[in-house]
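Heads up: the structure comes next, in structure tokens.
Numbered from 1 within each chain, the chains take letters A, B, ... in sequence-line order. Computed from a predicted structure; not experimentally measured. Values below: all heavy atoms of this structure, side chains included; hydrogens, waters and symmetry mates excluded.
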Number of protein chains: 2
Amino acid sequence: MSNGAATRVRRSREKILAAAEQVFLHSGFLGANMDAIAETASVSKQTVYARFQSKEALFLEVIAAMTGGAARAIGEHTEDALDDSPVRDYLTAVALDQLSIVMTPRLMQLRRMVIGEAERFPELGRSLYENGPLVSIRRIARALGHYISIGQIRECDPHLAATQFNWMVMGAPTNAAMLLGDSGIPSQSELHAHALEAVRIFLSAYGVPST
Amino acid sequence: MSNGAATRVRRSREKILAAAEQVFLHSGFLGANMDAIAETASVSKQTVYARFQSKEALFLEVIAAMTGGAARAIGEHTEDALDDSPVRDYLTAVALDQLSIVMTPRLMQLRRMVIGEAERFPELGRSLYENGPLVSIRRIARALGHYISIGQIRECDPHLAATQFNWMVMGAPTNAAMLLGDSGIPSQSELHAHALEAVRIFLSAYGVPST
DNA sequence: ATCAAACTGGACTGTCCAGTCTAATCAATA
DNA sequence: TATTGATTAGACTGGACAGTCCAGTTTGAT
């Protein structure tokens with residue numbers, strides 16, 4: 001095999017990323033300490049700097065990896081397959097999926113940190129917005145377009161309606177989690193009830209009476 | 001007069017608080033620099049430490065003052081006086097008021113900072129939550145209770161309904177502003193349209209058909 | 001004019017930390 | 001076994017910064 005060294009490099013790289021994620025999420029960018037990251041990764045500081053140019057570069061990679069991971073997770077679920085089920089079922093499934101994927105301590109910590117660093121690293125906020133909420137909204141808008149065309153949803157701007165729906169579902173839990181910490185994340189059953197209620201409200205405004 | 005010195009003390013105190021607000025909002029707790037605060041306040045560092053025990057104490061006072069100020073601003077408006085106007089008018093007024101008070105760069109920066117420091121200073125997040133959203137929700141819940149009793153709103157849990165309404169109004173703009181920075185704050189006309197639509201949706205779900 | 005409290009500028013201390021350097025060790029290949 | 005590249009421990013540099021100290025000045029009241 002000609003990959004002995006390469007494997008070692010990849011492994012230490014991953015250990016460092018995992019450690020950095022943990023430390024950064026807990027302490028923020030300025031509060032994090034490169035010695036602590038190296039120690040958490042069980043790696044020498046030198047190795048950290050062999051893999052990553054600087055604290056800032058490491059930080060950006062950690063955030064990019066987490067943001068990308070979350071986007072992929074959202075993308076995998078609910079892959080439009082439900083197009084021929086009733087609107088109510090589709091919306092309910094989307095709402096539950098999103099809540100269960102996003103409302104985790106890890107992603108809420110990521111979000112808190114990105115918001116906190118929005119002044120220093122504005123591109124992170126934009127990236128998280130575009131890879132998170134915006135992706136979901138676009139997907140929902142596409143589905144709503146379909147449901148409008150088959151008469152299960154009133155005529156309306158699908159993107160606006162999708163935006164409304166998205167934040168009806170995500171707004172309350174997200175904001176509570178932002179300000180109250182992980183203990184502000186609602187329980188599974190609360191989230192479930194909240195999702196059903198959001199769908200009910202949305203359909204009573206945008207649904208077609210007949211159905 | 002026996003207040004010469006006292007006046008001076010109060011004035012320098014206010015200059016320091018104003019400067020600290022500016023610097024902290026821009027750089028966060030760790031990123032802020034006490035020398036910069038003193039210089040911005042046109043005051044010597046010594047004076048800063050004569051008024052405030054430490055960086056942390058100053059930070060906490062700044063946040064407390066801003067949080068309290070915002071809470072007061074929300075409290076002053078919409079002082080329940082609208083109890084005998086139609087629900088639609090009341091909800092519209094509340095929504096517009098809240099958006100215009102809260103969706104300002106200054107309060108959005110405060111919110112970003114509190115979220116970013118949620119790990120270090122959890123009590124700030126709780127305080128902002130209780131003095132902000134929770135106050136509004138309670139007020140709306142009280143009003144909804146009234147409207148339920150006079151038959152303009154369906155039977156329901158007023159607190160839950162108020163929570164839904166609050167986040168339908170505030171969720172989308174707030175979250176955009178958190179991740180996208182001040183440029184993510186919607187324009188006045190967008191906010192206006194958004195408020196009207198939120199009221200429409202809410203009433204189609206919770207309103208009484210007759211009216 | 002005198003006094004006391006507030007204030008100033010700036011030097012100073014101690015600490016923390018990003019990033020570098022060195023000399024030695026370890027692991028895989030050939 | 002010899003070579004090569006990855007890794008390690010830990011010392012070190014330089015800069016930033018919270019908080020203190022001091023010696024002198026300003027301010028307002030008596």
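- The nearest whole Å value for the distance from the NZ atom in B:K15 to the C1' atom in C:dA6 is 12 Å.
- Across the protein-nucleic acid pair, B:K55 atom NZ and C:dT15 atom C1' stand 14 Å apart, rounded to whole Å.
- Every side-chain hydrogen bond (donor to acceptor under 3.5 Å, both in side chains) that A:S127 has, sequence neighbours left out, goes to A:N131.
- Each of B:Q53 and B:R11 was matched to the nucleotide of DNA chain D holding its nearest heavy atom; the match closer to the 5' end belongs to B:Q53.
- Which of D:dT27, D:dG19, C:dG19 sits closest to the side chain of B:R8 comes down to D:dT27.
- As rounded to whole Å, 16 Å separates atom C1' of D:dC17 from atom CD of B:E56.
- Against DNA chain D, the stretch residues 40-48 of chain A makes heavy-atom approaches under 4.0 Å through A:S42, A:V43, A:S44, A:Q46, A:T47.
- Contacts between residues 19-37 of chain B and DNA chain C, defined by a heavy-atom separation under 4.0 Å, are absent.
- Residues passing the salt bridge (charged side-chain N to carboxylate O under 4.0 Å, His left out) test with B:R126 are B:E130, sequence neighbours excluded.
- For the pair B:R10 CZ and C:dA6 C1', the computed distance is 15 Å after rounding to whole Å.
- In this structure B:F165 satisfies the ring pair (Phe, Tyr, Trp, His ring centres under 6.0 Å) test together with B:F202, sequence neighbours excluded.
- Contact annotation: B:S12 side-chain N/O to C:dC7 OP1/OP2 distance is under 4.0 Å.
- Annotation: side-chain contact (heavy atoms from CB on, under 4.5 Å) contacts of B:H26 (sequence neighbours excluded): A:E119.
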Identify every side-chain donor-acceptor pair in residues 14-22 of chain A under 3.5 Å, counting partners at least two apart or on other chains, and give the distances.
unit_1	atom_1	unit_2	atom_2	d
A:E21	OE1	A:R106	NH2	3.3
A:E21	OE2	A:R106	NE	2.5
A:E21	OE2	A:R106	NH2	3.3

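- Applying the salt bridge (charged side-chain N to carboxylate O under 4.0 Å, His left out) test to residues at least two apart or on different chains, none of the pairs has a partner in residues 159-174 of chain A.
- Donor-acceptor pairing under 3.5 Å is recorded for the side chains of A:R111 and B:N175.
- Residue pairs that meet the salt bridge (charged side-chain N to carboxylate O under 4.0 Å, His left out) test with at least one member in residues 30-40 of chain A, sequence neighbours left out, are A:D35-A:K45.
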